Novice: 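Structure in structure tokens, see below.
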Amino acid sequence: MKKVQQSFEYLQCDDLQFLAPEDAALLVHAQQSVIHAYAPYSKFRVAAIVKLDNGETVTGTNQENASYPVGICAERTALSAASSLYPGVGIEAIAVSYQNEQGESTVPISPCGICRQTLAEYEQRQHKPIRIILGGQTGPVWLINSVLDILPFSFSADSMK
Ligand code: THU
């Protein structure tokens, strides 16, 4: 028996002004898009912007429902819309931002488990990683190279071979 350790590297930027301009623009787009969330129950507004290889961007926001489990996260809204509007076009990056009920948002949030699994499917489908850019309305920004970094031991189509 042996102990196995797994770790990953990500970048933390103290402020979005230190990001590459295209990443900063994507995150600002996410910050501005939280107003389009439909979150009357949690009052937690999330926006995700998918940047495609053809340069297009697609916005998703969380869409809640009186039957709570029916609600869908911003990330999956954006990924489903991008894949439907631009089938076969690769995904380069996704930026996520949010605002809580008090309008506060100073630390990044990271995608929930279902959204990580969804991102993993899109990575697998396109045979390349999707850069993940996470930030609040203000404060530090995290740059993650691939969802597999934050979804260790992931289950995929390969697992069924
Ligand atoms: N939510 C997202 O849209 N994305 C995340 O990364 C975390 C959570 C939504 C789901 C629900 O509408 C609300 O935030 C509270 O969980």
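Heavy-atom basis, side chains included; hydrogens, waters and symmetry copies ignored. In listed order, ligands and their atoms are each counted from 1. Since the model is a prediction, treat every value here as computed from it, not as a measurement.
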Novice: Looking at L85, I want to see if its CG is surrounded by more than 12 non-hydrogen atoms of other residues, nucleotides or ligands under 6.0 Å.
Specialist: yes
Novice: Does atom CD of Q102 have more than 12 heavy-atom neighbours, drawn from other residues, nucleotides or ligands, at distances under 6.0 Å?
Specialist: yes
Novice: As a check for students: among Y68, Y38, F44, identify the option with a heavy atom nearest to atom 14 (O) of ligand 1.
Specialist: F44
Novice: At what distance is the nearest protein heavy atom to atom 12 (O) of ligand 1, and which residue and atom is it?
Specialist: E64 OE2, 2.5 Å
Novice: Can you measure from CG (L16) to CG (L26) and round to the nearest 0.5 angstrom?
Specialist: 11.5 Å
Novice: Please confirm whether A39 approaches ligand 1 to less than 4.0 Å, judged on its heavy atoms.
Specialist: no
Novice: At less than 4.0 angstrom from any non-hydrogen atom of P111, what atoms of ligand 1 do you find?
Specialist: 6 (O)
Novice: Counting non-hydrogen protein atoms only, what is the nearest one to atom 4 (N) of ligand 1? Give residue, atom name and distance.
Specialist: E75 OE1, 2.8 Å
Novice: Between S97 and G135 (side chain of the first, backbone of the second, donor and acceptor by atom type, cut-off under 3.5 Å), is there such a pair?
Specialist: yes
Novice: Tell me which part of S42 gets within contact of ligand 1: side chain, backbone, both or neither, using heavy atoms under 4.0 Å.
Specialist: side chain
Novice: Compute the shortest N/O to N/O distance between I109 and ligand 1 and return yes if it is under 3.5 Å, no if not.
Specialist: no
Novice: Counting only heavy atoms not in Q126, do more than 12 fall under 6.0 Å of its CD?
Specialist: yes
Novice: Would you kindly say whether S105 and R45 are connected by a side-chain donor-acceptor distance under 3.5 Å?
Specialist: no
Novice: Please list the nearest protein heavy atom to atom 9 (C) of ligand 1 with its residue and the distance rounded to 0.1 Å.
Specialist: N62 ND2, 3.6 Å
Novice: How close does the nearest protein non-hydrogen atom get to atom 8 (C) of ligand 1, and which residue and atom is it?
Specialist: C73 SG, 4.2 Å
Novice: Do I109 and I94 land in one hydrophobic cluster if side-chain heavy atoms of ILVMFWY residues count as linked below 4.5 Å?
Specialist: yes
Novice: Can you list the steps and then say if E75 with T118 is a side chain to side chain donor-acceptor pair (under 3.5 Å)?
Specialist: CA-CA 9 Å; E75 293 89 328; T118 305; over 6 Å; no
Novice: Using a 4.0 Å cutoff against the non-hydrogen atoms of A74, which atoms of ligand 1 qualify?
Specialist: 2 (C), 3 (O)
Novice: Determine if the distance from atom 1 (N) of ligand 1 to the closest protein heavy atom is below 4.0 Å.
Specialist: yes
